[in-house]
Amino acid sequence: MRSLFLGSLTLLILAMSGCDVFSVPPTSAEIESVGMRALQAKDAVSLNQLNHWAERGVTIAQRELALVYSTQATTRKEAVHWLNEASRAGDAQAQFMLGKAYHQGQLGLTQDYAKAFSLFLSAAKTSDQASFMLSRMAKFGQGVPRDMKECVHWLQVSSDQGNGQAMYLLSTAYANGDGVDKDPKLARHWLEESAEKHFPVALQALALEMELTRETDAHHGLDAQHMMKEASDHRTMPWLRMQ
């Protein structure tokens, strides 16, 4: 079944490669499927198709092509080129990827916090990862002055966008009064929201709290055991690799 699917996908790619990209625009799903095949299967036909689309200004293809090129040291310059193209076109994922490269000095780029901050700022409208990185940069004074209020602002944005780690750190900020007035109710709210997102540290924090009431409430004791196991399970898996 898998070989049949891959064969059909290859035929689809070959068929699309003979069409003008603007007369038959590829869908996002088609581009990402081709990108996955180029990345994981090292398929030359798929790579050529991504190049075909990228050179004709298809933004998602530019980003997917950059992702493929970023895996090889010999093609890092090409990766940066296509990330720049997709970023200028407004692709938030490309802006985040390029911002991360500048932040960490990857893809042959010199570490540049100012450029990283600018790219994360552009991506933060729709990317919880970008807004989370803005909070970190504000906290540690990377590219901008250290500012805990600004840090909490971006933690709030990232939390509202669904980032579980940001929710946990926002809970901590409200609990300790870091950059914001202490508010135990909001601290508890964001701790529980983070646990709902299965962030391991939040799960563990709630489990330990429940463990304290175990002697007087058997139900809480069972809940605590369940949450501790879940936290342990999640710690064995990557959690937002970019962080």
Query raised in the report: What heavy-atom pair brings G108 and R76 nearest, and what distance separates the two atoms?
Result: N-NH1, 3.8 Å
**Report entry** Other residues, nucleotides, ligands: >12 heavy atoms within 6.0 Å of K42 NZ
**Finding:** yes
Requested in this report: For atom CE of M36, decide whether the heavy atoms of other residues, nucleotides or ligands shown that lie under 6.0 angstrom number more than 12.
Outcome: no
Query raised in the report: What heavy-atom pair brings A116 and G99 nearest, and what distance separates the two atoms?
Result: CB-O, 3.4 Å
Query raised in the report: Once you round to the nearest 0.5 Å, how far does OG1 of T74 lie from OH of Y69?
Result: 10.0 Å
**Report entry** Distance-only donor-acceptor check, side chains D91 and Q95, under 3.5 Å
**Finding:** no
Query raised in the report: Is there a donor-acceptor pair under 3.5 Å between the side chain of T71 and the backbone N or O of L67?
Result: no
Query raised in the report: Atom OG in S127, atom CG in L119: separation rounded to 0.5 Å?
Result: 11.5 Å
Query raised in the report: Is the side chain of D181 donor-acceptor paired with the backbone N or O of G177 at a distance under 3.5 Å, no angle test?
Result: no
Query raised in the report: Would R188 and E193 count as a salt bridge (Lys or Arg N to Asp or Glu O under 4.0 Å) if you check the C-alpha gap in whole Å, the side-chain angles of each, and the deciding distance to 0.1 Å?
Result: CA-CA 9 Å; R188 178 69 183 201; E193 288 293 307; over 6 Å; no
Requested in this report: Return yes if some donor-acceptor pair links the side-chain N/O of N84 with the main-chain N/O of V80 below 3.5 Å, else return no.
Outcome: yes
Report summary line: Here the pair of heavy atoms bringing L50 nearest to G35 is CD1-CA, 3.7 Å
Query raised in the report: Can you tell if the side chain of I31 reaches within under 4.5 Å of the side chain of T27, non-hydrogen atoms only?
Result: no
Report summary line: In terms of heavy-atom contacts, L98 and S87 come closest through CD2-OG, 3.9 Å
Report summary line: CE of M133 to CG of D128, rounded to nearest 0.5 Å, is 12.5 Å
Query raised in the report: If we only count heavy atoms from C-beta on, is the E64 to V34 side-chain gap below 4.5 Å?
Result: no
Query raised in the report: Step by step, would you call C151 with M148 a side-chain contact (heavy atoms from CB on, under 4.5 Å)?
Result: CA-CA 5 Å; C151 171; M148 279 306 298; 4.2 Å; yes
Query raised in the report: Between L65 and A54, which heavy-atom pair has the shortest distance, and what is it?
Result: CD2-CB, 3.8 Å
Query - Side-chain donor-acceptor pair present, W154, E150, cut-off under 3.5 Å - result: yes
Requested in this report: Measure from the side-chain N and O atoms of R146 to the backbone N and O of K139, and report whether any donor-acceptor pair falls under 3.5 Å.
Outcome: yes
Query raised in the report: Between Q111 and H103, does a side-chain hydrogen bond (donor to acceptor under 3.5 Å, both in side chains) hold up when you go through it step by step?
Result: CA-CA 6 Å; Q111 189 176 60; H103 183 265; 5.7 Å; no
Requested in this report: To the nearest 0.5 Å, tell me how far L203 CG sits from E196 CD.
Outcome: 9.0 Å
Requested in this report: Compare all side-chain heavy atoms of W82 with those of E55 and state whether any distance is below 4.5 angstrom.
Outcome: yes
Query - Nearest-0.5 Å distance, OG1 of residue T172 to CG of residue D178 - result: 8.5 Å
**Report entry** Least distance between heavy atoms, A124 atom then V157 atom
**Finding:** O-CG1, 4.5 Å
**Report entry** Expected output: side-chain E32 to main-chain A29 donor-acceptor under 3.5 Å
**Finding:** no
Query raised in the report: Who are the side chain to side chain contact (heavy atoms under 4.5 Å, CB included) partners of K125, not counting sequence neighbours?
Result: none
Query - All side chain to side chain contact (heavy atoms under 4.5 Å, CB included) counterparts of A101, not counting sequence neighbours - result: Q106, L107, L109
**Report entry** Sole candidate of L155, L169, V180 that passes side-chain contact (heavy atoms from CB on, under 4.5 Å) when paired with Y174
**Finding:** V180
Query raised in the report: Is there a path from F199 to L186 through hydrophobic residues (I, L, V, M, F, W, Y) whose side chains come within less than 4.5 Å of each other?
Result: yes
Query raised in the report: In Å and rounded to the nearest 0.5 Å, what is the CG to NE2 distance from N48 to H52?
Result: 10.5 Å
